[in-house]
Amino acid sequence: MTRTYTPWFLLVVALALAAVYLFPLYWMYVTSLKSGSEIFANPPTFWPVSPNPGVYPEVWARRAMPTFLTNSVLIAGGVTAITVILGTGCAYVLARYRNVWIDIGLFAILMLQVLPASVMVTPLFVGFNQIGLLNYPRTAVVLAAAAKAMPFFVVLVRATFMSVPRELEEAALVDGNSRVGAFFNIVLPLARNGILVCAILTFMSSFGEYIYSKSIIQSPALQPASVGLSGFLGPNSTDWQSIMAYSAIYVTPILLAFVILQRRIVSGLTSGALK
């Protein structure tokens, strides 16, 4: 294969993989508009014969989706706020100071990223119960999810801070700024794009938090939409139209946010890799 055709070949492969990955989303939207008999038709139809969009307002009202979505936003917002406030300072320290303790701290943060939520949920549940935090289950979920999101945020923002020239900070110190003043006046404005992108990714990830919410929050009035979706599932679940409609309502805001912000997200993720 010549060099001329190589980029086109790679583009075709990338588009094919993207189509395979995105096909479940397409099937979700299409299935939500099908009738019950058409869903189980063989061979399957790739577009509904008689679309029924009325299932969306029905599911919205019957499954109390405003409550579930509000809880999802509250949990995602709390996780994002804690992660950004604490993770930004941690990432700055790991980027600017190098000694054995900093290296140990970075290693510990990376190890936290390795641990899956399913492994941590039991000890966290026991610990929260001992300190009485289970009386405030949404707060407990926010803290648990923030601890899980912190390593990802810190590693990415650390790369962003490392791309900010140290000479600018030193010049600010010579001009009379304190270390804190140089951070807020010089470093933070230059790194804000990367921090904003990581905050957006953290919010999107936390919006779909399930494991901690399912294990810790027992009251349906406090559960997020991800847990509300599991209420459809059972040994005799057949209402696939409602399940897909619920899923479509749940994921569409995040998909739209990603499409609108995709340029900023890509630029922010690559900014930390460029000097």
Side-chain angles (χ1 to χ4, degrees), residues 21-42 44-81 117 121 134-146 149 199-262:
Y21 185 78
L22 295 176
F23 180 77
L25 287 175
Y26 166 78
W27 198 247
M28 174 187 68
Y29 286 109
V30 169
T31 304
S32 68
L33 298 173
K34 292 180 178 181
S35 62
S37 58
E38 189 179 357
I39 290 175
F40 296 99
N42 189 17
T45 57
F46 289 89
W47 186 258
V49 177
S50 300
N52 178 28
V55 67
Y56 284 93
E58 178 188 350
V59 170
W60 177 270
R62 178 162 58 91
R63 302 302 299 187
M65 288 206 68
T67 300
F68 285 125
L69 291 174
T70 299
N71 291 329
S72 293
V73 171
L74 290 176
I75 290 174
V79 171
T80 304
V121 63
L134 292 184
N135 296 325
Y136 310 94
R138 244 181 348 206
T139 302
V141 170
V142 168
L143 293 176
I200 293 172
L201 294 177
T202 301
F203 184 89
M204 291 181 174
S205 175
S206 303
F207 190 78
E209 204 290 314
Y210 175 78
I211 295 179
Y212 294 132
S213 299
K214 180 66 174 178
S215 303
I216 295 175
I217 303 178
Q218 305 301 321
S219 172
L222 300 177
Q223 291 173 340
S226 57
V227 179
L229 178 60
S230 65
F232 282 101
L233 305 178
N236 300 312
S237 298
T238 58
D239 192 9
W240 289 107
Q241 184 186 30
S242 297
I243 293 174
M244 294 302 176
Y246 184 105
S247 302
I249 295 173
Y250 176 37
V251 305
T252 298
I254 293 298
L255 291 177
L256 291 177
F258 180 81
V259 171
I260 294 172
L261 300 172
Q262 62 175 327

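As a basis for the values below, the full set of heavy atoms in this structure was taken, side chains included, without hydrogen atoms, waters or symmetry mates.
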Measuring from [X]:[atom1] to [Y]:[atom2], what's the distance to the nearest 0.5 Å?
| X | Y | atom1 | atom2 | answer |
| --- | --- | --- | --- | --- |
| I243 | S32 | CD1 | OG | 12.0 Å |
| I75 | T70 | CD1 | OG1 | 11.0 Å |
| L74 | L222 | CG | CG | 10.0 Å |
| M28 | L33 | CE | CG | 10.5 Å |
| L201 | S206 | CG | OG | 10.5 Å |
| I217 | T139 | CD1 | OG1 | 9.0 Å |

[X] side-chain N/O to [Y] backbone N/O, donor-acceptor pair under 3.5 Å:
| X | Y | result |
| --- | --- | --- |
| K214 | S230 | no |
| Q223 | F68 | no |
| S226 | E209 | yes |
| N71 | A221 | yes |
| Y26 | F46 | yes |
| Y212 | A140 | no |
| T80 | A76 | yes |

**Report entry** Shortest non-hydrogen separation from Y250 to S72 and the atoms involved
**Finding:**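 In this case the closest contact between Y250 and S72 is CE1-OG, 4.4 Å.
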Query raised in the report: Taking all non-hydrogen atoms of both residues, which atom of K34 and which atom of Q241 are closest, and how far apart?
Result: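 Minimum heavy-atom separation between K34 and Q241: O-NE2, 2.8 Å.
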Within the 4.5 Å heavy-atom criterion, are [X] and [Y] side-chain neighbours or not?
| X | Y | answer |
| --- | --- | --- |
| E38 | P48 | yes |
| I216 | Y136 | no |
| Y246 | V55 | no |
| Y29 | T252 | yes |

Requested in this report: Before giving the answer on side-chain contact (heavy atoms from CB on, under 4.5 Å), spell out for W60 and L69 the whole-Å C-alpha distance, their side-chain angles and the decisive distance to 0.1 Å.
Outcome: CA-CA 10 Å; W60 177 270; L69 291 174; 3.6 Å; yes
Query - Parallel, tilted or perpendicular, as decided by the 30° and 60° cut-offs, for the rings of F23 and W27 - result: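 If you compare the ring of W27 with that of F23, the planes turn out parallel.
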Requested in this report: Could you walk me through whether M244 and I39 pass side-chain contact (heavy atoms from CB on, under 4.5 Å), step by step?
Outcome: CA-CA 11 Å; M244 294 302 176; I39 290 175; over 6 Å; no
Query raised in the report: Within a reach of under 6.0 Å around CZ of F40, are more than 12 heavy atoms found that belong to other residues, nucleotides or ligands?
Result: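 More than 12 within 6.0 Å, yes.
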Requested in this report: Would you please test V79 and V142 for side-chain contact (heavy atoms from CB on, under 4.5 Å) and show each step?
Outcome: CA-CA 5 Å; V79 171; V142 168; 4.2 Å; yes
Query raised in the report: Just checking, any donor-acceptor pair under 3.5 angstrom between side chains of R63 and S242?
Result: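 Note: R63 and S242 side chains miss the donor-acceptor criterion.
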